[in-house]
Number of protein chains: 2
Amino acid sequence: MGEEGLERVTMRRLAQELDTGPASLYVYVDNTAELHGAILDELLASVDFDPDVPPGRWRDRLVELLFSYAQVLSAHPSLARSVLLLRPSGPHYLRLIDSLLALLYAGGVPARQAAWGVDILLQMATATAAEQGARDQSVDAEGEHEALESALREASADAYPHIVRTGGELVSGAGPERFRWALQSLIDGIAMTPTPSTEAPDA
Amino acid sequence: MGEEGLERVTMRRLAQELDTGPASLYVYVDNTAELHGAILDELLASVDFDPDVPPGRWRDRLVELLFSYAQVLSAHPSLARSVLLLRPSGPHYLRLIDSLLALLYAGGVPARQAAWGVDILLQMATATAAEQGARDQSVDAEGEHEALESALREASADAYPHIVRTGGELVSGAGPERFRWALQSLIDGIAMTPTPSTEAPDA
DNA sequence: ACCTGAACACCGTTCAAGT
DNA sequence: ACCTGAACACCGTTCAAGT
């Protein structure tokens with residue numbers, strides 16, 4: 001049950017690791033997606049769920065928690081890719097959701113905004129981890145990224161005036177710095193943007 | 001060059017469509033990622049880039065533009081998955097970036113926030129499209145989603161107090177409604193959250 | 001010089017057969 | 001009843017050979 005650090009988790013690779021044929025894994029799991037979900041849940045046991053929230057620091061704790069979630073996932077890009085399409089449902093994943101909700105409530109965020117917010121915070125963290133992992137892993141992904149950067153640098157001012165005006169800012173900043181800011185932005189937005197179809201305040 | 005509506009775009013499938021072997025495609029393209037990027041760019045020709053921004057409606061136009069981008073991508077889940085890890089660099093993709101920047105500038109968003117914001121807005125829209133597409137396409141993905149929903153409903157109040165307190169809100173709302181709110185939240189956050197290492201205002 | 005058949009090295013999943 | 005070998009139906013990518 002306890003899996004070790006194997007890159008690119010695959011039915012066949014895992015079966016080989018276990019000295020058996022790939023068919024045997026289907027006794028424990030229905031498909032690859034479910035396998036990935038189960039492994040992720042195992043990995044999430046290692047993320048730090050410190051439950052006490054220093055008052056006034058709920059935003060920082062939220063960012064920290066999502067950072068450590070993304071860090072776990074970055075080390076396993078093939079899992080990150082699955083989780084992006086998948087939504088696991090293991091106990092540690094539920095605990096993560098519960099902790100995120102707790103922090104949003106500590107910040108006075110209304111229930112529906114907190115509920116919907118957790119979803120997109122996890123989406124952002126997962127997508128960032130998947131993208132980062134892909135770039136680390138494959139030379140092609142890195143190449144494509146450079147292709148975009150040079151296309152942005154060499155864009156013509158006639159065709160793309162706002163890109164040219166923006167200049168180096170489009171490629172400025174390191175990954176973690178941009179990720180931190182992205183999380184802060186999203187948290188701020190979640191906290192301040194009312195959800196639809198809330199009954200109007202009675203008058 | 002002009003590709004038609006083929007689901008699950010694959011080197012081999014595309015080659016067969018063109019009555020040739022898969023090796024032939026490598027004359028035009030270096031790898032699958034690049035192929036997907038090129039097809040996406042073609043598809044983006046159909047998104048509506050109306051350049052005039054009614055004053056005061058820049059947020060709505062931003063949401064509309066990202067909605068139509070996500071809609072194009074939802075119809076081609078295999079592309080959405082690639083683009084999530086990939087960042088294309090074709091002319092229509094650059095035009096989309098330019099249009100997003102234009103709208104953020106119309107709202108008075110500072111350059112670095114706009115630049116970094118475009119990146120995460122596209123990430124959110126792409127991830128949402130990929131997830132939606134996966135759910136439409138595969139029964140497994142739908143099943144996993146239901147597994148999470150029932151796990152959330154049946155969570156014990158002892159282990160997961162905040163999930164239980166949140167109740168139905170975690171699964172409330174239709175996809176497009178949640179997506180619209182998510183975009184609005186992110187836009188609000190981008191507009192109000194300062195980026196780091198901006199020089200302090202001189203005093 | 002340009003294209004491509006055939007091969008290599010992988011996948012996920014199923015199912016009949018074995019213990 | 002439980003497990004699994006072998007097969008099926010796919011992948012991406014390379015490269016020697018053909019025109």
Side-chain angles (χ1 to χ4, degrees), chain A residues 1-41 76-88 130-131 133-145 147, chain B residues 1-41 76-88 130-131 133-145 147:
Chain A
M1 291 281 183
E3 304 319 334
E4 301 307 308
L6 71 142
E7 215 56 2
R8 190 132 159 43
V9 180
T10 259
M11 286 291 195
R12 294 182 105 103
R13 273 219 234 283
L14 181 57
Q16 193 170 341
E17 210 79 3
L18 267 45
D19 277 315
T20 180
S24 307
L25 301 176
Y26 286 82
V27 178
Y28 307 103
V29 109
D30 273 349
N31 50 56
T32 306
E34 203 179 302
L35 174 68
H36 284 174
I39 295 175
L40 172 67
D41 206 79
H76 301 265
S78 68
L79 296 190
R81 282 193 291 274
S82 283
V83 171
L84 214 33
L85 312 174
L86 176 55
R87 305 286 113 136
E131 197 176 338
R135 200 131 63 217
D136 291 348
Q137 196 166 61
S138 121
V139 189
D140 291 343
E142 177 59 36
E144 292 282 313
H145 194 255
Chain B
M1 293 282 184
E3 304 319 334
E4 301 306 309
L6 71 142
E7 215 56 2
R8 189 129 160 45
V9 181
T10 258
M11 286 291 195
R12 294 183 105 102
R13 273 219 233 285
L14 181 57
Q16 193 170 341
E17 210 80 3
L18 268 44
D19 277 314
T20 181
S24 306
L25 301 176
Y26 286 80
V27 177
Y28 306 103
V29 109
D30 273 349
N31 50 54
T32 306
E34 202 178 303
L35 174 68
H36 284 173
I39 295 175
L40 171 67
D41 206 79
H76 302 265
S78 67
L79 295 191
R81 281 193 291 274
S82 283
V83 171
L84 214 34
L85 313 174
L86 175 56
R87 305 284 115 132
E131 199 177 337
R135 200 131 63 218
D136 291 347
Q137 196 166 60
S138 123
V139 191
D140 291 342
E142 177 58 36
E144 291 283 314
H145 194 256

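This is a predicted model, so every value here is computed, not measured. The chains referred to below are lettered A, B, ... by the order of the sequence lines, with proteins before strands, and numbering in each begins at 1.
The CD1 atom of B:I39 lies 9.5 Å from the OG atom of B:S82; values are rounded to the nearest 0.5 Å.
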What does the list of N/O pairs under 3.5 Å between the protein and nucleotides 17-19 of chain C look like, with a distance for each?
none

Where do N or O atoms of nucleotides 12-15 of chain C meet protein N or O atoms at under 3.5 Å, pair by pair?
from	atom 1	to	atom 2	distance (Å)
C:dG12	OP1	A:M11	N	3.2
C:dG12	OP2	A:M11	N	3.2
C:dG12	OP2	A:R12	N	3.3
C:dG12	N7	A:R12	NH1	2.7
C:dG12	O6	A:R12	NH1	2.6
C:dT13	OP2	A:Y26	OH	2.7
C:dT13	OP2	A:T32	N	3.0
C:dT13	OP2	A:T32	OG1	3.0
C:dT13	O5'	A:Y26	OH	3.1

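A donor-acceptor pair under 3.5 Å is formed between the side chain of A:H36 and the backbone N or O of A:V9.
With sequence neighbours excluded, the residues forming a side chain to side chain contact (heavy atoms under 4.5 Å, CB included) with B:A33 are B:N31, B:L86, listed by chain and number. B:R87 pairs by the salt bridge (charged side-chain N to carboxylate O under 4.0 Å, His left out) definition with A:E131, B:D119, not counting sequence neighbours. Checked against side chain to side chain contact (heavy atoms under 4.5 Å, CB included), B:A15 has the following partners two or more places apart in sequence or in another chain: B:T20, B:P22, B:L25.
The closest side-chain heavy-atom distance from B:P88 to B:D41 is not below 4.5 Å. For the pair A:L85/B:E144, no side-chain contact is recorded, criterion being any heavy-atom separation below 4.5 Å from C-beta on. Under the 4.5 Å side-chain criterion, counting only non-hydrogen atoms from C-beta, A:M11 is in contact with A:V29.
The heavy-atom pair separating A:R81 from A:A130 by the smallest distance is N-CB, 4.2 Å.
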DNA chain D base-pair string [pairs: Watson-Crick or G-U under 3.5 Å; |: paired with another strand]: ||.|||||...|||||.||
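Counting non-hydrogen atoms of other residues, nucleotides and ligands closer than 6.0 Å to CD of A:Q16 gives a total of 12 or fewer.
For C:dA9 and D:dC10, the P atoms lie 22 Å apart once the distance is rounded to whole Å.
Separating the CD atom of B:Q16 from the P atom of C:dT4 is a distance of 15 Å, rounded to the nearest angstrom.
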